[in-house]
There are 2 protein chains.
Amino acid sequence: MNKVSILLAEDDTNLGQLLKSYLSAKEYDTILAIDGAEAMKIFKKEKFSLCLLDVMMPEMDGFTLAREIRTIDPHIPIIFLTAKNLKEDVIEGFKTGADDYLTKPFSMEELIYRIEAILRRSTKRAADVPAAEYTIGKYNFDVTRQLLTYRDQSRKLTTKESELLELLCRHRNEVLERNLALKSIWIDDNYFNARSMDVYITKLRKYLSKDENVEILNIHGKGYKLLC
Amino acid sequence: MNKVSILLAEDDTNLGQLLKSYLSAKEYDTILAIDGAEAMKIFKKEKFSLCLLDVMMPEMDGFTLAREIRTIDPHIPIIFLTAKNLKEDVIEGFKTGADDYLTKPFSMEELIYRIEAILRRSTKRAADVPAAEYTIGKYNFDVTRQLLTYRDQSRKLTTKESELLELLCRHRNEVLERNLALKSIWIDDNYFNARSMDVYITKLRKYLSKDENVEILNIHGKGYKLLC
DNA sequence: TTATTCTGTTAAAATTCGTTAAACGGACGG
DNA sequence: CCGTCCGTTTAACGAATTTTAACAGAATAA
């Protein structure tokens, strides 16, 4: 999946920084603009998946900014943030084509979920989009078909093998933490599931042994690192 | 554009009637159910573009209802209505895949705008409204006639074959969970029905074997995924 | 060093799934 | 009413997948 990039326009630097670091922690590439004019400048230069706009800003208010943004990209999802809870304001927001409207104070969790709800809709059919594939050294890994191919030999992976290899690929050349993998694939990171994961690491190592430049490295006490 | 149809589940008859007449005035075909169980019954019989669900209802609460609805149509937009403003509740709502979440009291205008914001996003997608026909690789599947066609050869499917294939199509390229399929088609997800479903999967695999790009993948311990 | 925790590997056990065929039961025509 | 057909369920067995167990070896901290 492509990385999600967010344009955040917020003149309150405290809140702005807070939001930016929170969103970045959630793996959203976030760029912060401190007023409407700057936001517009940045928007013209870069590509974004979604806009998060404060309504009350110096230079250019959120609604005006939204309209200008929409002249460039008429379909980009826009969420307004505002301190006011005025009915007229909310209506005005949706008239400019808002996809959502959040009144301060809101919880970070709710923001994240609303962002995800919108992205789910707008990037939908991502499932029809070309199958996710990884190149692992001389191997090719087709995630959706769970197929690991070396030259002309294909091996059909089981569900667990495939899930684990995909996680390793997503973190390739960096550490995939044990707990993360366990919680993500096995849901629960207890002793037995950890043993089970060991077994799968052994299997994957065997499958990947034909290319000596590919290696699943153990980082003691941390996790594994797929080198390729 | 097709007419927009809304399933409204609201146990407060006053509010329910008010919403229904307001939405109908805005040219949305609206059907009102007075509890979760009735809503589910109606949903199974008719096609809807969007669901508007009260959270607190007798018989079946909104979240449970939403989950059941999503087992049948995993992509239909859902908006929750609630009197509570609890953070936990909002989060729970989005976790079940809500597209929006409105806290009473809200203005009719805001509701309309939120509905339109969601429809704007979701009708961009091609096969959104429950299709009567699916294209599965080189196959064509006519749901109402229960006819599976490959080039010039048509095969009349039995009821169960057809129901299962339709569910797979609605979830195509994503996992259709075993117990969800069982509860939706066989009503009860006991051991024997599960065996029965296996038999039908085998049959469908045979029927679909002429296009090698089409595949019913088993996700061990979870369910099946129709790749096409 | 020594004890302890963590990892690697193999095999057996448990669970889940795939396939074929036979049994069941309702609908239909005679 | 009786047999036949058709869709569905049940049964039986084998295969695939995942988990558990057992033991050996490595890495680390005290």
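The analysis underlying the following values was restricted to heavy atoms, covering all of them including side chains, and did not include hydrogens, waters or symmetry mates. The chains referred to below are lettered A, B, ... by the order of the sequence lines, with proteins before strands, and numbering in each begins at 1.
Note that CG of Leu168(A) is 5.0 Å distant from CG of Leu176(A), once rounded to the nearest 0.5 Å. Once rounded to the nearest 0.5 Å, the distance linking CG of Leu157(B) with OH of Tyr207(B) reads 7.0 Å.
With Phe48(B) as reference, Ile42(B) is the one residue of Ile6(B), Asp73(B), Ile42(B) to meet the side-chain contact (heavy atoms from CB on, under 4.5 Å) rule.
Side-chain atoms of Thr144(B) do not come within 3.5 Å of backbone N or O of Ala132(B) as any donor-acceptor pair.
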Contact pattern, 5' to 3', of nucleotides 15-27 of chain C - B, S or - by protein heavy atom under 4.0 Å: -SSBBB-------
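Using a cutoff of 4.0 Å between basic side-chain nitrogens and carboxylate oxygens, Arg178(B) and Asp198(B) are scored as salt-bridged. Salt-bridge formation is not detected for the pair Lys26(B)/Glu116(B): no Lys NZ or Arg NE/NH1/NH2 atom is positioned less than 4.0 Å from an Asp or Glu carboxylate oxygen.
First and last contacts of DNA chain D with chain B, using any nucleotide atom under 4.0 Å from a protein heavy atom and ordered 5' to 3', fall at dG7(D) to dT18(D).
Protein atom CG of Leu182(A) is 13 Å distant from nucleotide atom P of dC6(C), rounded to whole Å.
Aromatic ring centres of Phe63(B) and Phe80(B) lie closer together than 6.0 Å.
Between Phe141(A) and Tyr134(A), the ring planes are parallel. Angles under 30° get that label, and only those over 60° would be called perpendicular.
Both Trp186(A) and Glu161(B) lie close to DNA chain D; mapped to their nearest nucleotides by heavy-atom distance, the more 5′-ward contact belongs to Glu161(B).
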